[in-house]
Amino acid sequence: MNVVIFGPPGAGKGTQASNIAKKFELYQISTGDLLRNEVENQTDIGKVIENIISKGDFATDEIVNDLIEKVIFDPQKKNKLIFDGYPRSVNQAENLDLLLSKSSQKIDFIFFLNVKKETIIKRIEKRKILENRADDNISTLLKRYDTYMKTTKPVLDFYSQKHNFHEIDGDKKIVEISSKIEQILSV
Ligand code: AMP
């Protein structure tokens, strides 16, 4: 099965995606991680996106779509994918559908982690202390939130029409969210 999990920054996508990946033996595909890898390895893409990511802006659809294409056509990962942080725009969502259908796959479950802005701010503050991610200061967070609202909101409109779309209350405790998601996936 293939799963998409999305929601604003700090909604807990990464944590939930990692739990689901372990439990259901899926590959967690985080475009944030893929992009940070490129930056770390100072590849051509990495050099271009370093500034973009640190400012809280989005990488271009072209760059992200290229990275994701390799993953989707990897036979080992076929029908074992959980996308975390992708798609973030309607263009990316359409591209995902196209690549999946070209490789005889589809999205089986879509989860939207809906979370209040105050909850996100509290969580990012904690993550800043724990992980010390350079992009996790409050002003970057607010920028990321605004970028999210502007760019990713249409993705919500795109997916919320679908029969396999599930909205999850992301203000709940991590374990409660996990069990809700697992319950849906186990049906
Ligand atoms: P994340 O780890 O998912 O919070 O992503 C960190 C940063 O990577 C984001 O703020 C964006 O700058 C960039 N990024 C991650 N995924 C995408 C995507 N699907 N499209 C564009 N930019 C992305």
Side-chain angles (χ1 to χ4, degrees), residues 2-21 28-36 39 49 51-61 63-65 67-68 81-97 107 109-162 164-182 184-185:
N2 294 320
V3 179
V4 165
I5 182 161
F6 73 109
K13 293 185 298 284
T15 307
Q16 295 302 334
S18 157
N19 285 347
I20 300 164
Q28 180 183 359
I29 309 303
S30 153
T31 40
D33 284 348
L34 292 176
L35 290 166
R36 278 186 288 274
V39 173
I49 59 180
N51 272 335
I52 298 176
I53 295 186
S54 68
K55 277 193 288 184
D57 292 331
F58 278 4
T60 63
D61 287 340
I63 287 176
V64 178
N65 287 341
L67 288 173
I68 221 78
L81 297 165
I82 174 158
F83 296 98
D84 153 21
Y86 180 90
R88 264 171 155 101
S89 67
V90 172
N91 174 298
Q92 292 180 11
E94 287 170 346
N95 181 67
L96 178 60
D97 279 349
I107 302 170
F109 296 92
I110 303 160
F111 293 104
F112 173 59
L113 277 191
N114 198 0
V115 69
K116 290 198 198 84
K117 199 169 179 174
E118 305 89 80
T119 312
I120 295 169
I121 292 174
K122 274 189 217 145
R123 287 185 189 164
I124 292 275
E125 283 282 87
K126 257 197 220 161
R127 188 157 83 180
K128 192 170 130 190
I129 297 162
L130 292 174
E131 292 177 18
N132 202 18
R133 272 171 48 168
D135 61 357
D136 277 346
N137 60 56
I138 282 292
S139 74
T140 306
L141 163 71
L142 296 179
K143 176 87 186 291
R144 288 172 70 201
Y145 189 87
D146 291 342
T147 310
Y148 171 83
M149 291 311 276
K150 214 170 55 202
T151 321
T152 315
K153 180 66 172 47
V155 177
L156 177 59
D157 299 335
F158 180 86
Y159 279 142
S160 58
Q161 319 293 328
K162 314 245 177 195
N164 52 359
F165 171 86
H166 302 270
E167 182 166 335
I168 305 287
D169 181 358
D171 289 323
K172 294 252 163 62
K173 290 199 186 108
I174 289 175
V175 285
E176 289 175 58
I177 299 171
S178 298
S179 70
K180 179 77 200 162
I181 293 177
E182 281 167 24
I184 294 169
L185 289 176

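Heavy atoms only: backbone and side chains are in, while hydrogens, waters and symmetry mates are out. Quick note: residue numbers are just sequence positions, from 1.
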Aromatic ring pairing F165/F6, orientation class (parallel under 30°, perpendicular over 60°, tilted between) | tilted
T15 versus I177: any side-chain heavy-atom pair under 4.5 Å?
-> no
Identified side-chain hydrogen bond (donor to acceptor under 3.5 Å, both in side chains) counterpart of S89 within the set T60, D61, T151 = D61
Search all heavy atoms of P87 against all heavy atoms of A93 and return the closest pair with its distance.
-> CB-N, 3.4 Å
Applying side chain to side chain contact (heavy atoms under 4.5 Å, CB included) to I184 and not counting sequence neighbours gives F109, F111, H166, I168, K180
Only counting residues at least two apart or in another chain, list the ones meeting salt bridge (Lys or Arg N to Asp or Glu O under 4.0 Å) with K117.
-> none
Is a side-chain donor or acceptor of T152 paired with a backbone partner of V155 at a separation under 3.5 angstrom?
-> no
If we only count heavy atoms from C-beta on, is the D57 to N51 side-chain gap below 4.5 Å?
-> no
When every non-hydrogen atom of L113 is compared with those of K13, the smallest separation belongs to CD1-N, 3.8 Å
Which heavy-atom pair separates S178 from N19 by the least distance, and what is that distance?
-> OG-ND2, 3.1 Å
Should V64 and R88 count as side-chain neighbours, where that means a heavy-atom distance under 4.5 Å?
-> no
Is there a donor-acceptor pair under 3.5 Å between the side chain of Y86 and the backbone N or O of Q92?
-> yes
Hey, mind stepping through I5 and I181 against side-chain contact (heavy atoms from CB on, under 4.5 Å) and telling me if it holds?
-> CA-CA 10 Å; I5 182 161; I181 293 177; 4.2 Å; yes
Could you walk me through whether I107 and Y159 pass the side-chain contact (heavy atoms from CB on, under 4.5 Å) check?
-> CA-CA 11 Å; I107 302 170; Y159 279 142; 3.7 Å; yes
Output the distance between atom CZ (F83) and atom CG (N2), rounded to the nearest 0.5 Å.
-> 6.0 Å
For I49 and A59, which heavy atoms make the closest approach, and how far apart are they?
-> CG2-CB, 4.2 Å
With sequence neighbours excluded, what pairs up with K116 under the salt bridge (Lys or Arg N to Asp or Glu O under 4.0 Å) test?
-> D171
When rounded to the nearest 0.5 Å, the distance separating CG of L156 from OH of Y148 is 6.0 Å
Verdict with supporting geometry, N91 and N65, side-chain contact (heavy atoms from CB on, under 4.5 Å) | CA-CA 9 Å; N91 174 298; N65 287 341; 3.3 Å; yes
Find out whether I68 and I29 are in side-chain contact, i.e. whether some heavy atom of one side chain is under 4.5 Å from a heavy atom of the other.
-> yes
Could you grab the distance from atom OG of S30 to atom CZ of R36, nearest 0.5 Å is fine?
-> 5.5 Å
Taking the side chain as every heavy atom from C-beta outward, state whether V115 and P8 have any pair of such atoms under 4.5 Å apart.
-> yes
Distance from K172 atom NZ to T119 atom OG1, nearest 0.5 Å?
-> 11.5 Å
Backbone N/O of G14 and side chain of S18: donor-acceptor pair under 3.5 Å | no
Full working for side-chain contact (heavy atoms from CB on, under 4.5 Å) between L35 and I63 = CA-CA 9 Å; L35 290 166; I63 287 176; 4.0 Å; yes
Ignoring hydrogens and angles, tell me if any N or O in the side chain of Q16 forms a donor-acceptor pair with the backbone of G12 under 3.5 Å.
-> no
